[in-house]
Trainee: 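Got a structure here, written out as structure tokens. Questions coming.
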Amino acid sequence: MSTPMEITLQNHQEPNISDLENGVAASAPPILNEEKVLVSVEVCLKPSSTARIDDVRSSVERMLEKRSLSYNDGPIPVPLDDPFLTENVQRIRICDSDEWVQNHEVLLFWQVKPVVHVFQLSEEGPCEDLSEEGQLSSFNEWILPAKEFDGMWESLIYESGLKQRLLRYAASALLFTEKGVDPFLVSWNRIILLHGPPGTGKTSLCKALAQKLSIRFSSRYPQSQLVEVNAHSLFSKWFSESGKLVAKLFQKIQEMVEEENNLVFVLIDEVESLAAARKAALSGSEPSDSIRVVNALLTQMDKLKSSPNVIILTTSNITAAIDIAFVDRADIKAYVGPPTLQARYEILRSCLLELMRKAILSSFQECDQLILPNYATMKEKLNVPETQEVQAPFLLCKQLLEAAGACEGLSGRSLRKLPFLAHAALSNPYHCDPGRFLCTMIDTARREISEL
Ligand code: ADP
């Protein structure tokens, strides 16, 4: 589960023997100095900042060295006594350390080597391809990291490991290419296929992954772009034009890729339309040049494979229908399923916390996180002997668990809409306490499911 975990990074000093004997470090694995855990620290610059990335990085590194405070995986306050950082930095965040920390183990600061990534969000928005009159545009282009995708990675909640697996896979693929590993000896390519039911966050995950990688690899690739291909428009009814569209699209991508400091992500959504087009051509119900378009696309993708700085991200809602020629090309095929109970709890919890932050639901101010704890903490709190009453503050998370249970069968997309639908169903939407809201949300979920 990739929710913020309560990890503590503290005391930037090596442990002494008595600490070890006292069991201070007993819960964490004994890590030798040279085996420190690499933890990413992402630093987002203010849009107005013109500071040099290297200067900000060194400043943050110095700041982290000095710190001897405890803090959780998540935001670190920008130090107010550092005018350079306050002027230039919007936020600092510790990311993805949760994969090292299980069951509330404590990761001590001496075990950690922070890796600082500094970036500035692009505010340019998508640059749409202006196709000829009457046609759907065939692609959108984004400069990464883009403001629109900010926070997307953190908002996507999956069973443990999926996001990390994708991140590590892409990192290994880029490293192998960078080091020039002989593809005849070790074969790999840079194509990822996410498949599963609609609304499970596949497209968002691809975009969020591209954004993450653009931040993590910014030292090697100072520029990154995402090209979002609209497969539907490529295989639209204008088949006679499709060949031209594919050629135009890949010519554009090729130009981007030739710049070796560019990291290029190509996202092809709903690749099953490739298979549909080919099948339709074979059955004679579509013009036969559709098959040429599919083949052209596959050939172009193969050509791109030789470029080290491209990652192709694809999604499909129906695994069985994906063109077999395509499936073979993908290195990592990850199934993205409907959210589990734990994921549903965390998705709804993040919605509720947001509504409390924005004062749509009455809030307990600083206590919101305590009253609505994450799944692991909630399980602990609720796991009291049958005879003992659940304490009042935890009634809310008990209700939230009930809501998550009632939402079985809903996709991540429907879950994120549910609080809105529940709010619209309230008799008095202006003064709403979270408990009453949760009751309405459970009713709304039951109604939504009955209408599936
Ligand atoms: P797909 O491509 O699988 O149809 P999308 O990427 O279009 O799904 O998902 C739509 C929205 O649904 C996402 O932007 C996100 O808000 C929400 N969503 C889906 N799955 C999840 C999830 N596992 N965790 C959090 N939000 C999710």
Side-chain angles (χ1 to χ4, degrees), residues 1-5 95-96 98 126 140 142 146-167 192-212 226-233 265-274 276 312-322 330 332-355 358 372 374-375 400 403-405 407-423 441 444-445 448-449 452:
M1 176 66 49
S2 298
T3 50
M5 276 253 189
C95 300
D96 303 325
D98 56 338
N140 275 328
W142 308 77
K147 194 173 167 213
E148 288 82 353
F149 305 147
D150 191 32
M152 211 182 227
W153 180 263
E154 289 73 23
S155 79
L156 292 165
I157 299 167
Y158 293 103
E159 66 195 75
S160 75
L162 175 66
K163 293 199 297 186
Q164 288 309 325
R165 194 154 66 92
L166 291 175
L167 206 53
I192 296 176
L193 167 67
L194 301 184
H195 62 94
T200 46
K202 300 177 295 299
T203 313
S204 311
L205 187 53
C206 286
K207 290 178 176 169
L209 179 66
Q211 174 103 336
K212 259 291 139 177
L226 169 68
V227 180
E228 184 182 12
V229 180
N230 185 339
H232 268 318
S233 78
F265 299 92
V266 181
L267 165 59
I268 309 177
D269 231 347
E270 300 183 22
V271 282
E272 63 269 20
S273 47
L274 263 77
I312 300 178
L313 307 159
T314 61
T315 74
S316 172
N317 287 335
I318 343 163
T319 310
I322 309 173
I332 198 165
K333 297 156 213 145
Y335 174 73
V336 185
T340 56
L341 177 69
Q342 184 170 353
R344 295 198 298 276
Y345 177 93
E346 294 292 357
I347 293 173
L348 293 179
R349 173 175 173 259
S350 67
C351 295
L352 250 67
L353 288 173
E354 173 65 3
L355 294 181
K358 300 292 152 69
L372 277 181
N374 66 21
Y375 188 81
L400 180 58
C407 290
E408 187 168 6
L410 290 185
S411 68
R413 184 189 285 148
S414 311
L415 282 173
R416 288 239 178 259
K417 276 191 205 142
L418 197 63
F420 171 75
L421 296 178
H423 187 265
M441 202 158 81
T444 315
E448 287 290 299
I449 286 170
L452 280 181

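One is the number of the first residue; the rest follow in order along the sequence. Nothing here was measured: the structure is a model prediction, and the numbers come from that model. Atoms within each ligand, like the ligands themselves, are counted from 1 in listed order.
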Trainee: May I ask you to check if ligand 1 and G199 share an N or O to N or O distance below 3.5 Å?
Mentor: yes

Trainee: When you compare ligand 1 with N317, is there at least one nitrogen or oxygen pair between them that comes in under 3.5 angstrom?
Mentor: no

Trainee: So if I count the atoms of ligand 1 from 1 in the order they appear, which ones are less than 4.0 Å from some heavy atom of S155?
Mentor: 24 (N), 25 (C), 26 (N)

Trainee: Using a 4.0 Å heavy-atom cut-off, which part of T203 comes near ligand 1: side chain, backbone, both, or neither?
Mentor: both

Trainee: Check ligand 1 against P198 and write out every atom of the ligand that is under 4.0 Å from a heavy-atom position of the residue.
Mentor: 4 (O)

Trainee: Output yes when the distance from some N or O of ligand 1 to some N or O of I157 is under 3.5 Å, and no in every other case.
Mentor: yes

Trainee: Any idea which atoms of ligand 1 are less than 4.0 Å away from a heavy-atom of Y158?
Mentor: 23 (N)

Trainee: Below 4.0 Å from ligand 1: does a non-hydrogen atom of T200 turn up there or not?
Mentor: yes

Trainee: With a heavy-atom distance limit of 4.0 Å, tell me whether K202 approaches ligand 1 through its side chain, its backbone, both, or neither.
Mentor: both

Trainee: With the threshold set at under 4.0 angstrom, would you say A343 reaches ligand 1 through any of its heavy atoms?
Mentor: no

Trainee: For ligand 1, which atoms, with element, lie under 4.0 Å from some heavy atom of I347?
Mentor: 22 (C), 24 (N), 25 (C)

Trainee: In Å and rounded to the nearest 0.5 Å, what is the CZ to CG distance from R413 to L418?
Mentor: 15.0 Å

